[in-house]
Amino acid sequence: MAGASYSIKKNRIQRGLHPGFLLQEDGTLCLDETEPVHLLYLRAVDGGEEGASWGRLSFRVSCSEDTVYRLYAAAFDEDSFYRKGKPVRIEDFLCDAQESREIKRQFMEEAGFRKFVNQKDLLLYDLQGRYLYLALEVMGEGSFSLSRLRVNRQGDPFMNTFPEIYREKGGFFHRYLSVFSSIYEDFQEEIEALPELLDLDTCPAFLLPVYASWMGLDVGENFLEESILRSLVKEACHLSRIKGTKAALGRITQIVLGEEALIVERNVMGACIRKDQLEQMNRLYGHSVHDVTILLQTPLSEVKKTQLLFLLNQFRPIRSRLHVVCLRDTSILDSYCYLDKNARIPWQGEGSLDREQEMDGSVCLK
């Protein structure tokens with residue numbers, strides 16, 4: 001277990017207690033400015049063996065100058081203590097929302113919790129015990145966010161290269177080398193995270209336009225929603241292969257709007273249009289054989305229409321002109337309405353009768 005490493009992510013934080021914080025989907029803790037108290041109590045990190053030695057604790061934090069945060073850490077071989085003559089698990093006590101902050105603070109002082117103020121890279125070499133307990137308290141006004149909390153039991157890669165006589169844990173030489181060891185571990189962590197940066201499902205949103213440009217797709221900056229942008233980049237290679245086709249226009253419309261569109265090509269309608277409908281069809285579908293009309297069932301805002309046309313123009317056939325037409329909602333007949341001759345209902349809908357429903361003589365069931 002000497003090389004174990006533990007990441008404190010969303011699932012671990014959810015199992016703890018975090019009043020005054022907002023937990024985001026990626027596991028980042030942000031300050032809830034509407035709450036006066038901001039505390040974090042985590043359940044125990046199990047080292048797997050008694051007398052476990054703990055190493056480096058690091059996390060990423062962003063806070064204003066007026067904000068002060070304190071991190072508390074302790075390690076014990078026992079996971080419970082006696083309170084009022086009854087055994088109580090330490091993690092249950094710390095994560096109990098009914099217990100007051102003052103009682104928990106008194107317990108941590110008497111139990112010997114170490115306190116670190118405004119530090120984000122800590123060495124826990126003097127902590128030994130199977131169960132590691134962590135707590136956080138944020139005070140002051142301003143912004144605060146915490147992410148990528150990580151603790152490990154890895155042996156110092158630099159220290160282990162020296163003879164055993166120099167390996168005094170927690171000594172001056174050890175702490176001196178730990179500076180370079182921490183830099184090395186940070187580099188190693190970034191190298192190990194490279195596959196995540198190249199994965200379109202996990203990479204940061206700001207990299208998506210870069211990946212799109214590699215495949216010849218211009219998505220602009222802050223132009224599309226993140227979910228739509230990810231879907232477009234995932235299918236950019238396939239869309240490039242079918243560029244200039246009806247299928248490409250239809251797929252892009254479906255990704256951006258979430259609905260299938262009816263695409264009408266003017267050049268294939270010549271033999272299907274009657275002479276008395278020619279003027280009306282020309283107004284709707286254009287006069288030229290290069291006109292392509294996209295019919296949508298839902299209305300679009302100007303922003304959505306601009307986004308859609310911006311993308312479609314990159315995949316439309318050469319010399320073609322695109323038109324986007326939004327169909328209006330169909331009419332609905334209210335009660336006591338009458339249909340004159342030549343009127344018709346285009347489709348029939350299914351219905352159901354509730355209990356004790358009455359029908360008069362004008363209702364016909366088929």
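Reckoned from all heavy atoms, side chains included, excluding hydrogens, waters and symmetry mates. Every value quoted in this text rests on a predicted model; they were computed, and no experiment measured them.
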In the structure I gave you, are the side-chain heavy atoms of [X] and [Y] within less than 4.5 Å of one another anywhere?
{"X": "Ile294", "Y": "His323", "value": "no"}
{"X": "Pro209", "Y": "Val219", "value": "yes"}
{"X": "His18", "Y": "Leu39", "value": "no"}
{"X": "Leu217", "Y": "Leu239", "value": "no"}
{"X": "Phe59", "Y": "Val61", "value": "yes"}
{"X": "Arg70", "Y": "Val138", "value": "no"}

Show the nearest heavy-atom pair for residues [X] and [Y], with the distance to one decimal.
{"X": "Cys203", "Y": "Tyr211", "result": "SG-CE1, 3.9 Å"}
{"X": "Lys304", "Y": "Val256", "result": "NZ-O, 3.6 Å"}
{"X": "Tyr41", "Y": "Arg101", "result": "OH-CG, 4.3 Å"}
{"X": "Leu197", "Y": "Leu207", "result": "O-CD1, 4.1 Å"}
{"X": "Gly216", "Y": "Gln314", "result": "O-OE1, 4.2 Å"}
{"X": "Phe310", "Y": "Asp218", "result": "CE2-O, 3.1 Å"}

- Is there a donor in the side chain of Gln106 and an acceptor in the side chain of Glu110, or the other way round, less than 3.5 Å apart?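 A donor-acceptor contact under 3.5 Å links the two side chains.
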- Message: With no hydrogens and no angle check, just 3.5 Å: does a side-chain donor-acceptor pair link His290 and Arg321?
- Response: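 No, Arg321 and His290 have no side-chain donor paired with an acceptor closer than 3.5 Å.
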Could you measure the distance from the [atom1] atom of [X] to the [atom2] atom of [Y]? Nearest 0.5 Å is fine.
{"X": "Leu257", "Y": "Lys305", "atom1": "CG", "atom2": "NZ", "result": "12.0 Å"}
{"X": "Glu265", "Y": "Lys246", "atom1": "CD", "atom2": "NZ", "result": "5.5 Å"}
{"X": "Leu40", "Y": "Tyr72", "atom1": "CG", "atom2": "OH", "result": "12.5 Å"}
{"X": "Arg316", "Y": "Leu311", "atom1": "CZ", "atom2": "CG", "result": "13.5 Å"}
{"X": "Gln119", "Y": "Leu71", "atom1": "CD", "atom2": "CG", "result": "9.0 Å"}
{"X": "Arg105", "Y": "Lys115", "atom1": "CZ", "atom2": "NZ", "result": "8.5 Å"}

- Could you walk me through whether Val292 and Ile263 pass side chain to side chain contact (heavy atoms under 4.5 Å, CB included), step by step? CA-CA 7 Å; Val292 178; Ile263 300 177; 3.7 Å; yes
- Message: For Lys104, is there an ion pair with Asp96 - N to carboxylate O distance below 4.0 angstrom?
- Response: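 Here Asp96 does not pair with Lys104 in a salt bridge, since their nearest N and O are not under 4.0 Å apart.
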For [X], I'd like to know if atom [atom1] has over 12 heavy atoms of other residues, nucleotides or ligands within 6.0 Å.
{"X": "Gln14", "atom1": "CD", "value": "yes"}
{"X": "Gln24", "atom1": "CD", "value": "yes"}
{"X": "Glu259", "atom1": "CD", "value": "yes"}
{"X": "Gln254", "atom1": "CD", "value": "yes"}
{"X": "Glu225", "atom1": "CD", "value": "no"}

Using only atom types and a distance under 3.5 Å, with no angle test, would you say the side chain of [X] pairs donor to acceptor with the backbone of [Y]?
{"X": "Glu91", "Y": "Ala44", "value": "yes"}
{"X": "Arg43", "Y": "Arg15", "value": "yes"}
{"X": "His38", "Y": "Asp32", "value": "yes"}
{"X": "Asp121", "Y": "Ser58", "value": "no"}
{"X": "Ser240", "Y": "Ala236", "value": "yes"}
{"X": "Asp199", "Y": "Pro195", "value": "no"}
{"X": "Thr253", "Y": "Leu249", "value": "yes"}
{"X": "Lys120", "Y": "Leu57", "value": "no"}
{"X": "Tyr6", "Y": "Asp46", "value": "yes"}
{"X": "Asp77", "Y": "Arg130", "value": "yes"}

- Message: Show, in sequence, the C-alpha distance, side-chain angles and deciding distance for Arg83 and Glu99, and conclude whether the salt bridge (charged side-chain N to carboxylate O under 4.0 Å, His left out) test is met.
- Response: CA-CA 13 Å; Arg83 186 184 185 194; Glu99 299 288 350; 2.7 Å; yes
- Message: Taking side-chain contact (heavy atoms from CB on, under 4.5 Å) as the criterion, tell me which of Asp26, Leu29, Thr28 meets it with Ser147.
- Response: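 Result for side-chain contact (heavy atoms from CB on, under 4.5 Å) with Ser147: Thr28.
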- Task: Test side chain to side chain contact (heavy atoms under 4.5 Å, CB included) on Val233 and Trp214 and set out the steps.
- Result: CA-CA 10 Å; Val233 177; Trp214 291 356; over 6 Å; no
Would a hydrophobic clustering, with Ile, Leu, Val, Met, Phe, Trp and Tyr connected at side-chain separations under 4.5 Å, put [X] with [Y]?
{"X": "Leu42", "Y": "Phe113", "result": "no"}
{"X": "Leu94", "Y": "Val88", "result": "yes"}
{"X": "Ile90", "Y": "Ile103", "result": "yes"}
{"X": "Leu134", "Y": "Phe76", "result": "no"}
{"X": "Leu23", "Y": "Phe21", "result": "yes"}

- Task: Go through the steps to decide whether Lys10 and Glu25 satisfy the test salt bridge (charged side-chain N to carboxylate O under 4.0 Å, His left out), and finish with yes or no.
- Result: CA-CA 7 Å; Lys10 182 180 178 181; Glu25 289 296 327; 2.9 Å; yes
- Message: Before we go on, tell me: are the rings of Phe81 and Phe93 under 6.0 Å apart, centre to centre?
- Response: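 Yes: the rings meet the under 6.0 Å criterion.
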- Task: Would you check if the distance from the ring center of Tyr131 to the ring center of Trp54 is below 6.0 Å?
- Result: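 That pair fails the under 6.0 Å test.
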- On the ring face of Phe315, is Lys243 found with NZ or CZ under 6.0 Å from the centre and within 45° of the axis?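 Pair Lys243/Phe315 counts as cation-pi.
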- Task: Look at the aromatic rings of Tyr69 and Phe144 and report parallel, tilted or perpendicular, splitting at 30° and 60°.
- Result: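 Tilted: the ring planes of Tyr69 and Phe144 meet at 30° to 60°.
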- Task: Take Val45 and Ile8 through the test side chain to side chain contact (heavy atoms under 4.5 Å, CB included) and record every step on the way to the result.
- Result: CA-CA 9 Å; Val45 179; Ile8 312 297; 4.0 Å; yes
- Query: Run the side chain to side chain contact (heavy atoms under 4.5 Å, CB included) check on Arg230 and Asp201 step by step: do they pass?
  - Reply: CA-CA 7 Å; Arg230 288 189 187 276; Asp201 291 320; 5.6 Å; no
